[in-house]
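Just so it is clear: chains get the letters A, B, ... in the order the sequence lines come, proteins before strands, and each one is counted from 1. Being a predicted model, the structure only gives us computed values, none of them experimental.
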Amino acid sequence: MYLNQFLLLAAFLFCVGVYGVLARKNAVLVLMSIELILNAVNINLVAFGLFRESVAGQVFALFVIAVAAAEVGVGLAVVILIYRNRHSIDLTEVDMMKG
Amino acid sequence: MLENAWVIPALPVLSFVLILFFGKRLPKHGHEIGVAAVALAFVLACVCAVQWVQRPANLEVKPGSEEHAAAPGSPAQANAVAALEEKAPPGSEGGHEGEGKGEKEGEAGEHEAEPIRKPVVKEVTWFDNGQTRVKAGTHVDGLAVTMMFVVTLISLLVHVFSTSYMHGDRRYTHYFAALSLFTAGMLVMVTANNTLQLLVGWELMGLCSFMLIGHWWEERNNSNAALKAFFTTRTGDVGLLIGIAILFFAAGQTFDIADINAAALGGEVSHGLVLAGAAALLCGVIGKSAQFPLHTWLPDAMAGPTPVSALIHAATMVVAGVYLVARLYGVFWSGFDIGGGGINPVALVGGITVLIAAALAFVQTDIKKVLAYSTVSQLGYMVMALGVGAWTAGVFHLVTHAFFKGLLFLGAGSVSHAVHSFDMKKDMGGLREHMPITFKTFVIGSLALAGVPPLAGFWSKDEILLGASSNGYPVFLVIGLLGAALTAAYMTRCVYLTFFGEYRGHGQPHESPPAITVPLVVLAALSVVAGFVNVPGGEWFAKWTENETVLSAGVAHHSFSPFVALFGSALGLLGIAAGYAYYWRNLGPHRLTQRSGAAGTGYRILENKYGLDRLYTDWVVGGIKGPIARGAYWFNQRVIDGVVNGVGIIARGLARFVYDTVDQKVVDGVVNGAGIGAEDGGRVLRLMQTGRVQQYALFLFGAVVVLGGTLVLFTTG
Amino acid sequence: MVAQNVVFGVLAAAMGLAAIRVVTTKNVVHAALYLVVVLAGVAALYILLAAEFIAVVQVIIYIGAIVLLILFGTMLTRAPIGRASDLDNDQRWLAVVVSLLLLGVLGAVLADAYGSTKLPKGAQVQRTGDVGLSIFQTYVIPFEVVSVLLLAALVGAVVIARRD
Amino acid sequence: MTGLLAAAFEAPYLDYAALAPEMVLTGVLLAVLVVDLFVDEGRKAVVAQLAGVGLLASLLPIVFLAVDGNDRSMFSGAYVVDDFALVLKALFLVSGYVVLLMSADHIEEGDYWKGEYTFLLLSSLLGMVVMCSSRDLLTIFVALELLSIPAYMLAGWRKRDLRSNEAALKYYLLGVLSSAVMLYGMSLVFGATGTTVLEDIARELGDNTSEPLVKLGIFFIVVGFAFKVSAVPFHFWAPDTYEGAPTPVTAFLSVASKAAGFVALLQLVFVGFFGQDNVWQPLFWVLAALTMTVGNLVALRQTNVVRLLAYSSVAQAGYMLVPFAVGGSGDAAARTAQTAAIVYLLIYAAMNLGAFAVVIAVARKTRSGEVSSYGGLFTYAPGLTVLMTVFLFSLAGIPPFGGWFAKLYIFKSAVDAGTGWSVALAVITGVNSVIALFYYASVAREMWMRPVPDEDVTPVRVPPALGAALAITALAVVAIGIYPQAFARLGDLAELAVR
Amino acid sequence: MFDSWALTLVVFLPAVGAALLVAVPRRAENLMKLVALATTLATAAVGVAILARFDYGATDTLQFEVDRPWIDVINSRYHMGVDGISLPLLALSVLITVLCVVYSWDHFPEPHNPKAFLALMLVLETGMNGTFVGQDLILFFVFFELVLLPMYFMIGVWGGPNRQYAAIKFFLFTLFGSALMILAFLALYFKGGNTFDIPLLVERGGTIARDAQILIFGGLFMGFAIKVPMFPFHTWLPDAHTEAPTVGSVILAAVLLKLGTYGFIRIALPILPDAAQAWAPWIGGLAVVGIIYGALGCLAQKDLKRLIAFSSVAHMGFVMLGIATLTDYGINAAVFGMVAHGLITGMLFFIAGSIQERYGTREMSRLGGLLLQAPRLAWLLGFCAMASLGLPGLAGFWGEFPAILSAYQPAPGLSEALFRVYMVVAAVGTVFAAGYLLWMYQRTAFGTAKKEFAEAHVHDVHLPEWLAWAPLLLLILILGIFPSLIFRVTDGAVQSMTSALQAIGG
């Protein structure tokens with residue numbers, strides 16, 4: 001197995017995630033796209049961990065998963081807060097402050 | 001007293017301060033202080049004069065050239081001068097206290113050495129600057145003594161005259177204060193031992209002339225005239241400043257006049273440098289002494305009180321320029337190669353001035369303006385005299401002219417005191433019966449001015465003509481003779497219009513009070529006798545006044561020439577005769593100006609004062625000034641007042657352009673533009689802050705791609 | 001090794017397609033389900049990479065917790081359950097450009113760095129125990145910090161999300 | 001590492017003395033959480049007081065450690081307590097304390113969740129304190145998340161305010177994205193070196209790598225922190241979040257959170273990637289120039305004080321980035337650069353906190369953040385006006401207020417590097433500080449030279465806690481300005497050991 | 001004991017006074033004035049003591065030196081001292097401040113608030129005095145900048161209708177200059193062997209490579225030239241002067257402008273001799289352009305104060321011309337010119353302020369007949385106008401003429417031909433000066449009052465004005481007659497500087 005096959009797949013997921021973040025206006029979908037990005041990172045970490053024969057890669061990935069969980073929780077809380085006040089989670093409408 | 005000559009200028013300064021601060025509270029409103037101070041100064045000046053005459057002539061100066069045999073620029077002359085200067089290098093450290101400059105002993109060589117009186121020099125350190133120690137002090141020699149005497153005398157008489165003439169004036173006290181300061185300025189200048197001090201006096205006079213010409217400043221005309229006087233002379237002063245600077249370095253970093261003269265004559269300084277210095281100084285002279293083409297301020301200066309005019313014209317201010325040439329004669333002599341004959345700028349300026357001013361005097365109806373142009377013309381004589389190498393003659397003419405011109409102005413003042421006008425054609429005529437003293441003295445003054453022997457003017461003018469003819473300046477001899485004739489003629493006209501014929505004015509004119517007539521009489525007497533101090537054979541004046549500079553320059557002396565004297569006085573008499581014929585006998589081509597086109601044009605040119613004022617006014621100073629004139633005269637005024645005023649218009653116009661356009665729009669605009677640019681930049685950048693979070697994210701990743709791509713692809717190593 | 005490559009190929013294809021569907025589908029719930037496919041694929045990749053523990057954690061936390069959370073979020077915010085036409089905003093073409101460029105940069109760099117590098121064969125398998133040791137020896141401080149982090153996230157999320 | 005697991009486990013070496021500040025802080029935050037549960041609604045002030053005392057208490061071990069003076073290193077260099085760490089920990093704790101003072105009445109009067117607020121604030125502070133010692137990618141990441149995640153929520157703490165919601169959302173989304181980018185970069189760097197410890201990374205990478213992978217990795221990591229310090233073009237969240245968040249939180253974000261970003265950058269750049277100056281030096285050059293210029297230009301056009309201060313803090317970040325852009329040309333340059341950045345951080349913290357404290361005080365009366373509402377402040381609140389003037393002109397770098405010294409250090413680092421690029425950047429900085437003056441002075445002008453807009457000239461009441469915050473910051477600003485030596489020594493001390 | 005504390009006292013007494021003022025209750029206005037007056041008088045007393053104890057035999061050495069550690073980390077020291085160049089300026093500064101306090105006694109401009117006004121004035125004095133005695137670049141810089149804020153507020157709060165624009169313009173310009181200046185200082189620090197100490201740098205400066213010197217000089221030039229202000233950086237000046245309150249204008253003209261020229265003499269020239277040579281022709285050129293340009297600006301003015309402001313551009317042109325020659329004469333003239341300009345233009349601004357107070361306008365077209373309505377005031381105006389146009393015998397002359405003179409023969413290595421052209425242009429500038437000043441005088445003082453003021457009762461000079469002005473007037477006269485009062489102080493210091501300059505530059 002080539003190292004790059006994992007890395008390129010991760011890069012692809014990363015970019016798809018980026019697209020999702022940029023192009024989706026539903027906040028929940030954006031959160032999902034972020035998960036794609038984070039998973040891409042994790043693939044990288046684990047693949048590199050194997051490549052470098054270092055356990056740090058896996059450990060790092062674990063930490064990322066844990067933090068991701070916290071982030072999603074917080075993110076959803078914010079989204080819900082917004083929804084409660086605006087009755088919409090369309091990100092394009094959230095533009096009171098600008099300039 | 002000669003050592004303490006500083007007291008003489010100090011007295012009027014003190015008087016100025018006292019009058020300024022206490023004058024109003026005194027019973028006579030200050031004139032007592034002024035008169036007393038100047039009188040005391042006069043007495044001291046007399047003491048000086050006496051001491052000077054009694055001073056042993058023990059300084060031997062070798063003349064640079066043989067009498068009558070001036071071979072200009074001959075090797076012998078150069079060698080002799082060089083030999084002299086070897087012994088007394090410029091800027092020697094001698095003069096701490098007392099007669100430092102006097103120690104420059106000339107070498108008693110095989111040439112005939114002429115003993116003269118050592119100048120009395122007293123110096124104190126003024127300030128140190130860089131490597132130079134600048135000393136202030138008095139340098140009293142024959143020239144200075146003469147000038148002190150003349151200045152204090154005229155000033156005293158003017159003071160006395162003014163007590164009556166200015167009686168009741170609303171600024172009587174200030175008037176006397178300024179008069180004192182004026183006198184002080186001139187005295188400071190004549191006693192100065194260095195160019196800086198000379199400049200102080202010079203400018204002080206400028207200030208006082210400003211104050212006095214503009215004495216009745218409620219009228220715009222008067223303040224305009226004052227401004228014009230100050231501004232014009234100041235323009236000339238540019239030259240003076242530069243000249244002083246050049247000479248300072250040329251003479252080896254010194255302001256000392258004796259050193260500068262010595263250096264200029266010594267040949268160690270390059271001729272170009274001396275020439276530049278002399279040319280620059282000449283600019284100052286032209287401005288101050290109202291020489292062509294900067295003479296236009298002087299007639300306007302008649303706006304001041306008449307005694308002031310007398311003071312300005314006779315003893316201060318305008319003669320300052322002549323004095324400057326006389327004082328720094330070494331510079332002019334060597335710079336313009338005056339010994340060489342032909343034509344040089346000094347003589348040329350003087351010569352032109354003699355003629356154009358004399359011609360202008362013919363068309364004036366204002367008595368003071370006749371006298372003013374006459375002064376310009378006579379100053380031309382003096383400058384011309386110095387320019388043709390007739391140093392003594394020039395200085396002598398300065399002295400005699402002071403007497404009779406002072407007399408004439410005071411006489412004019414006396415007349416105007418009676419008729420309350422200066423217009424000869426409208427308000428005068430036939431005054432000889434009403435004002436006998438004034439009439440007689442005025443006639444004496446006129447005759448002296450016209451050069452009728454044996455009055456003072458004759459002797460001095462004769463010497464000038466003699467100098468011009470003998471020193472190789474034939475052109476200027478002709479000019480001088482022509483000038484003499486013109487002078488006589490216009491003075492005849494003036495006397496006729498004022499004192500003969502029918503009285504054309506209003507009211508009953510009467511003779512003036514003693515305070516006015518006594519000075520007239522005194523001056524008249526002097527005008528008669530003054531010429532004899534330098535009569536051929538005696539030539540005491542030359543012995544008293546000629547100084548080291550003059551002698552070492554090798555200024556030639558000439559023995560009396562009956563031919564020149566005869567010719568000169570004949571022309572003067574001819575002028576008088578022509579005037580007599582024209583006015584009294586009504587002979588000659590009257591109404592010529594109407595009949596002949598050429599004559600009419602000439603008359604108009606004169607009326608227009610050659611268009612100079614218009615040039616100045618319209619082209620140079622512009623709107624600052626504009627005396628209300630009538631008819632063609634209005635037109636003329638516009639023309640001649642022009643360069644000064646015209647320069648103003650242009651300067652003001654330029655200024656407005658520079659200010660409005662360059663400063664406010666361009667220079668400021670660049671700055672403000674940068675500000676606006678920054679603000680606009682801010683506005684554009686603000687547009688990126690759309691408030692949409694995903695757009696921010698887009699920017700974020702866009703930047704990542706761009707920066708990251710650049711970093712990875714375009715940086716190596 | 002062939003088998004592994006085949007498995008990888010299949011997984012990669014499935015994950016790629018699913019990932020694309022996540023960001024393009026018009027149905028929010030479908031997106032969540034496609035996400036599950038991707039996440040599961042990632043877990044499988046971990047197994048391929050000999051990281052069983054991570055794979056398990058991936059399944060438990062991601063699929064078990066996070067996706068669930070997202071689904072709850074979807075419902076709480078009353079997202080349209082069926083197809084919705086306006087899930088994308090108006091900068092999606094720019095987004096496409098940016099992501100493709102990004103992919104280009106990443107791809108180029110990776111190709112340059114590890115063009116033909118193979119993963120070590122028969123490398124020491126990092127077992128779960130090693131992971132554990134590492135966490136509690138080298139990374140004990142981050143571990144403790146993460147615990148505070150989770151606590152803070154919990155407390156904060158409760159305050160933020162609760163109705164008051 | 002094979003064989004029986006239990007036998008292989010050795011308890012790691014833990015220097016509890018070195019960890020004391022963190023442990024005290026953790027204890028305090030847990031105590032806050034617990035106490036909050038048992039305190040009545042009306043007496044929530046106790047919680048804040050407890051937190052305040054706790055913060056000061058956690059300063060104590062720092063003082064002891066500083067007096068002790070030994071560098072303490074754990075986990076083979078992954079966690080280091082040296083002077084650098086101590087100085088910055090102290091900075092965070094003190095600024096946390098000041099923020100707490102500023103929040104006391106603000107949060108209480110807004111009827112917000114005071115206990116939880118305090119708890120989150122302390123959590124975030126803990127993240128920062130940990131950050132100061134982290135010399136390991138993983139630890140840095142975790143610390144960063146700990147300091148960020150509570151901050152996301154604090155930004156949205158005024159739950160019923162749409163602006164506050166929006167602030168939280170923007171901060172959160174962009175924060176998560178940039179930390180994802182950073183993580184990707186970390187994974188690349190990890191892949192290239194096989195280690196997460198900065199010192200080892202430095203050793204592995206050697207000097208001036210030419211590997212695009214490493215370059216990209218470094219770049220991505222920098223991006224994550226560039227977001228944190230709001231460097232252009234990663235700053236877009238900052239103005240909106242600052243404006244929407246409760247003002248004390250804004251102060252916290254603009255000072256502590258930004259400082260944490262810089263702390264991480266310092267460690268990464270000067271420890272981990274020090275040899276790779278060919279990568280980060282030009283990068284920071286561009287970032288610095290862009291950041292200060294854009295921040296200042298946009299600030300020129302702001303009408304809201306908080307937003308203006310937001311852009312100002314963007315611009316200030318630009319100044320702080322200058323040392324990074326010039327610090328690569330040798331050990332001496334690196335040392336100067338670090339000192340410059342740290343000194344700037346210390347002084348910036350004081351002046352920016354002070355400015356926000358005044359904003360809070362004034363807003364208590366005017367209920368507005370518009371610059372125009374400051375009109376004529378001098379007539380009814382001369383004290384506040386003078387203080388605000390001091391802070392603003394300190395930010396502008398006018399002596400004798402602290403800011404000048406900070407800026408001097410920035411210039412010094414740039415000139416010391418002595419390359420054409422560094423001097424050019426210094427000139428750009430100079431020009432920018434002039435532009436900046438314009439908007440700082442415009443606020444001053446409003447206060448001093450304009451009439452009171454609503455003619456309401458009742459004096460502003462400043463509660464004691466807020467007053468204390470003002471006093472601390474003002475004193476610091478003036479003291480630093482007049483006798484900078486003391487603070488400059490801190491900066492000098494706090495150099496990271498460069499390799 | 002006194003010697004080591006004198007400079008600290010003279011610098012920080014005003015600051016202490018300002019702090020005291022802040023503590024004075026709002027209503028006690030007289031107390032405030034007393035505090036301010038007492039402070040400035042005390043400072044002036046220290047100044048007089050310094051003048052008295054100064055060793056005039058050793059003007060080229062720093063006296064009353066204090067040298068203590070200040071910011072060790074950057075080797076910046078609390079190093080103060082006066083020599084012949086700084087002494088006259090220090091004296092000028094302490095004098096002017098006292099007079100300004102006296103003048104303000106019942107002249108507080110709107111919006112009144114004497115407390116803040118006086119406090120700012122005192123802070124200003126600290127800055128000014130500090131700049132003149134600071135012998136460490138950083139110390140110098142701090143004081144140099146310290147004057148900005150008080151002046152900004154003085155113009156911005158107490159100024160005329162367009163005050164806010166003027167204030168910010170003043171501030172931005174000067175700050176821009178000082179940003180580049182501080183860069184140059186830092187460059188000096190590194191090039192000069194890690195020190196900010198001015199005397200040390202003077203010793204070492206010549207060793208810096210020429211190209212580096214020229215660059216560094218550029219930075220210094222921007223900082224100082226803006227402050228002077230030289231053409232084309234002058235545009236802040238007319239606005240600032242026009243809008244500033246009278247006292248502000250006076251301080252600005254009398255002291256603040258000198259900070260720039262002083263910087264050139266104290267720092268730029270001696271530390272960077274080679275660069276000074278290279279820059280001198282350009283500086284001289286800008287100086288003479290400034291002379292003519294300022295004069296033209298004056299001629300175009302309708303506003304009295306603005307005219308005086310533009311005249312400063314011209315006068316500072318003479319000062320800069322003197323400096324650009326790099327000769328004893330020129331630099332002596334420059335220092336003299338600084339003092340003289342301070343006295344004369346300060347005085348002119350006082351008078352302009354008093355005229356505005358009486359007539360409520362500075363439009364010269366609306367004025368006239370001042371000599372009739374307030375003769376003493378008009379006389380003083382005339383006196384100062386004469387002094388300003390460089391009448392020999394008054395102080396202005398000694399700054400102007402020697403500068404022209406020195407341009408005839410600049411330091412070796414500079415183009416004589418070029419400087420002679422400058423000399424002529426500068427000399428022509430004196431005519432312009434006469435032109436605009438006399439013209440101004442004619443329009444304000446001569447003639448009769450315009451209709452709108454014909455009936456107005458105009459108060460002539462009153463007591464506080466006399467008190468504030470008398471020292472200036474006397475000094476203008478005394479310095480005009482005895483220029484050695486200043487030359488003997490400056491000469492030694494200047495000579496040792498120029499000889500060093502020529503040793504290196506020649």
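When the side chain to side chain donor-acceptor pair (under 3.5 Å) test is applied to C/N89, the partners found at least two apart in sequence or on another chain are B/Q694. For C/A95, the side chain to side chain contact (heavy atoms under 4.5 Å, CB included) partners are A/Y19, A/L22, A/A23, not counting sequence neighbours.
With a 4.5 Å cut-off on non-hydrogen atoms, A/L8 touches chain C through its backbone and its side chain both. Only the side chain of A/L76 has a heavy atom closer than 4.5 Å to any heavy atom of chain C. At a 4.5 Å heavy-atom cutoff, the contact between A/L9 and chain C is made by side-chain atoms alone. Residue C/A65: no heavy atom, backbone or side chain, is found under 4.5 Å from chain A. For C/F53, the part lying near chain A is the side chain, with the backbone staying farther off; criterion is any non-hydrogen pair under 4.5 Å. Both the backbone and the side chain of C/I160 come within contact range of chain A, with heavy atoms under 4.5 Å apart. Contact annotation for A/F48: only side-chain heavy atoms (C-beta onward) come within less than 4.5 Å of a heavy atom of chain C. For C/V38, the part lying under 4.5 angstrom from a heavy atom of chain A is the side chain only. Of the atoms belonging to C/R163, heavy atoms from both backbone and side chain fall under 4.5 Å from chain A. In this structure, chain A has heavy atoms under 4.5 Å from both the backbone and the side chain of C/L119. When heavy atoms are compared at a cutoff of 4.5 Å, C/V146 approaches chain A solely by way of its side chain, counted from C-beta outward. Contacts of A/L3 with chain C are made by both backbone and side-chain atoms, with heavy-atom separations under 4.5 Å. Residue A/F12 touches chain C through both its backbone and its side chain, counting heavy-atom pairs closer than 4.5 Å.
Options A/L31, A/V18, A/I80, A/V16 differ in how many heavy-atom pairs under 4.5 Å they form with chain C, and the most are formed by A/V16. Heavy-atom pairs under 4.5 Å with chain C peak, among A/V59, A/I82, A/V21, A/V72, at A/V59. For chain A, the option among C/L48, C/L154, C/T24 with the highest count of heavy-atom pairs below 4.5 Å is C/T24. Most heavy-atom pairs under 4.5 Å with chain A, from the set C/I135, C/L45, C/L150: that is C/L45. When each of C/G156, C/A32, C/A152 is scored by its heavy-atom pairs under 4.5 Å with chain A, the top score falls to C/A32.
Taking all atoms of both residues into account, the shortest heavy-atom contact from A/L29 to C/A31 is CD2-CB, 3.4 Å. Nearest approach of A/R84 to C/R162, heavy atoms of both residues: NH1-O, 3.2 Å. Heavy atoms only, all atoms of each residue included: C/Y139 and A/A56 are closest at OH-CB, 3.6 Å. Pairing each heavy atom of C/A157 with each of A/G73, the nearest pair is CB-O, 4.3 Å. C/A51 and A/V46 make their closest contact through CB-CG1, 3.7 Å (heavy atoms, listed as atom of the first residue, atom of the second, distance). Taking each heavy atom of A/L36 and C/A19 in turn, the nearest pair found is CD1-O, 4.2 Å.
Atom-to-atom distance recorded for C/Q58:CD and A/L62:CG is 10.0 Å, nearest 0.5 angstrom. In this structure, CD1 on A/I43 lies 4.0 Å from CE on C/M15, to the nearest 0.5 angstrom. One distance of note links OH of C/Y62 with CG of A/N42; it measures 5.5 Å at 0.5 Å rounding. In this structure, CG in A/L50 is found 13.0 Å from OH in C/Y46, a value given to the nearest 0.5 Å. Residue C/I66 holds its CD1 atom at 4.5 Å from CD of A/E35, rounded to the nearest 0.5 Å.
Within residues 110-117 of chain C, the residues having any heavy atom under 4.5 Å from a heavy atom of chain A are, by residue number, C/L110, C/A111, C/Y114, C/G115, C/S116, C/T117.
In this structure the side chain of C/V28 reaches within 4.5 angstrom of the side chain of A/M32, judged on heavy atoms. Inter-residue side-chain proximity for C/I54 and A/I65 is flagged as met; some heavy-atom pair is nearer than 4.5 Å. Between C/L49 and A/Q58, the closest side-chain pair of non-hydrogen atoms is not below 4.5 Å. The shortest side-chain heavy-atom distance between C/T77 and A/V28 falls under the 4.5 Å cut-off.
Legend: salt bridge (Lys or Arg N to Asp or Glu O under 4.0 Å) pairs involving residues 6-27 of chain A, not counting sequence neighbours, sorted by first then second residue: A/R24-C/D88, A/K25-A/D90.
Ring to ring, A/F6 and C/F8 are close: their centroids are under 6.0 angstrom apart.
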